[in-house]
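One structure below.
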Amino acid sequence: MATFGNSSFNTAIYATFRPTYPRSLYDFVFRYHERNKGARWDRAVDLGCGTGQATVELTPFKHVIGVDPSSKMIEVAQETLEKTPVSTGQYEYVQASAESLPFLEDSSVDLVIAAQASHWFDWNKIWPELARVLRKNGSAAFWIYSEFRFTRYPSLTKKINAYGQGIDPLNSVGPYWQQPGRSILENHLVEVPEGNDVVPGAFSDFERVFFTGDHYPSLPSPQSVIMRKKMTWNDLLSYLNTWSSLHTFRQHNPTDGENPRGDVAVRFWKDLKEGVEQEDGRAVEGHDEVDIEWPLAMIMIKRA
C-alpha cells in the first residue's frame, strides 16, 4: 500500500495508536491450524506485517518471518524487536512483497497470516505463491477490520460512514482511500476469490468467518464482535490520524488545517464528541474514555 511507504507517513504514530488484536483471535487461528494431526509449528510468516504487531504474537512457532514492502515499516518493526528484553532469534523481518517470496523454499511454511493487509494483495499471484510455500496441511489466516463503531452509541454510525466513506472531498476522507483495496476491506473480503479457483486442487479447506456482530446483518452467520478497546477521546483522535486516507487528504488540501474548528479529522472528532454529549447530557473531555469496537472478517485455508 503506497501511502505507508511515503517518507512523510508517521509510522511511530501508526504503531502506537492502531488497535491491537485480542488473544482470542490468535487462539482461534492456532486451533484451526492444529485441526490436522501432525500439524507442525516450525515456521510462520506474516505478510504485510507493518510494524510487526501480529508477527510477535505467533509465539508457538520456532521461527517467525515478518514481510512488508515498506522499508519504513520494517525499520520500525526491527527497532521494536531490538527493545524487547530478550532476543531469542525467533523473529526476523524481510522487505518484500506478499506476492513474491523467493527467500522461502517450496513446502517450508506451516502458517501464513496477514493482519489488515490482505485487501491490498493481488490474489491471482498470492494463491500460487501460497500453494508453493505452504507445507501439506499447512494453514493460512487473513483478517481485516472495517470501520470502528461506538459500542454504546450506535446512532453515531451514520457520522462515521459519512466521514470514512462519504464523497464530499472537503469534509470526508472517503474519496482519498486507495482503491480497490479499501472497497475490498469495507466489503469484508467477500470479493477475494477462493484459492482453488486460482490454483485448482491446491487447498483442502476454505472458510470465511465474520466477527461482525449485528453491524452487518447481510453477512452470512455473523459471530459476536471480538475486537474491542477502551480509549480516551484523545487517543481516538490519534487513531484517526493513522488513517492513510487522511494522509492523502492533507496532501490534496494543504490549507484545511486553517479551518477555525480544526482540520477535517478534528472536525469529525468534535462532531462525534458532540453526539455523545447530546445522548449523555454531559460534557465530554479528552481524557474521558469510550468503548470502541471493530467488525472483523477472516479467511482461513488449508493446503491440500
Exercise. Quick one: list whatever passes ring pair (Phe, Tyr, Trp, His ring centres under 6.0 Å) with Y93, sequence neighbours left out.
Key: none
Quiz item: Is there a side-chain contact between P295 and H188 (heavy atoms, below 4.5 Å)?
Solution: yes
Practice problem: Determine whether F268 and V266 make a side-chain contact, defined as any pair of heavy atoms from C-beta on separated by less than 4.5 Å. | Solution: no
Quiz prompt | Interatomic distance, L58 atom CG to F30 atom CZ [nearest 0.5 angstrom] | solution = 5.0 Å
Practice problem: Indicate whether any N or O donor in one side chain lies under 3.5 Å from an N or O acceptor in the other, for R250 and N241. | Solution: yes
Quiz item: When the ring planes of W243 and W177 are compared, do they come out parallel, tilted or perpendicular, using 30° and 60° as the limits?
Solution: tilted
Quiz prompt | R43/E105 ion pair, N-O < 4.0 Å | solution = yes
Quiz item: Are K302 and E207 within salt-bridge range, i.e. N to O under 4.0 Å?
Solution: no
Self-check item: Basic-acidic side-chain contact under 4.0 Å: R132, D106
Solution: yes
Quiz item: Same cluster or not: are L189 and Y145 linked, directly or through other Ile, Leu, Val, Met, Phe, Trp or Tyr residues, by side-chain heavy atoms under 4.5 angstrom apart?
Solution: no
Quiz item: Are any non-hydrogen side-chain atoms of Y163 and V173 less than 4.5 angstrom apart?
Solution: yes
Quiz item: For the hydrophobic clusters of this structure (ILVMFWY residues joined by side-chain heavy atoms under 4.5 Å, transitively), does one cluster hold both V276 and W269?
Solution: yes
Quiz item: When the ring centroid of F142 is compared with that of W120, is the distance short of 6.0 Å?
Solution: no
Quiz item: Using 4.0 Å as the upper bound for N to carboxylate O, is an ion pair formed by D214 and R149?
Solution: no
Exercise. Would you mind reporting whether W123 and I184 have side-chain heavy atoms less than 4.5 Å apart?
Key: no
Quiz item: For the hydrophobic clusters of this structure (ILVMFWY residues joined by side-chain heavy atoms under 4.5 Å, transitively), does one cluster hold both I126 and L104?
Solution: yes
Quiz item: So does R267 pair up with D256, basic N to acidic O under 4.0 Å?
Solution: yes
Practice problem: Evaluate the side-chain proximity of V29 to Y21: yes if any heavy-atom separation is below 4.5 Å, no if none is. | Solution: no
Quiz prompt | Joint cluster assignment, L219 & F211, ILVMFWY side-chain distance < 4.5 Å | solution = no
Quiz item: Would W294 and Y239 count as a ring pair (Phe, Tyr, Trp, His ring centres under 6.0 Å) if you check the C-alpha gap in whole Å, the side-chain angles of each, and the deciding distance to 0.1 Å?
Solution: CA-CA 13 Å; W294 288 264; Y239 164 63; 5.7 Å; yes
Exercise. Answer with yes or no whether the hydrophobic clustering places L134 together with F61; edges join I, L, V, M, F, W, Y residues whose side-chain heavy atoms lie under 4.5 Å apart.
Key: no
Quiz item: With a 4.5 Å limit on heavy-atom distance, are the side chains of R303 and F203 in contact?
Solution: yes
Exercise. Indicate yes or no: does E129 engage K125 in a salt bridge with an N to O separation below 4.0 Å.
Key: no
Quiz item: Will you find, in the side chains of Q53 and Q116, an N or O donor that is under 3.5 Å from an N or O acceptor?
Solution: no
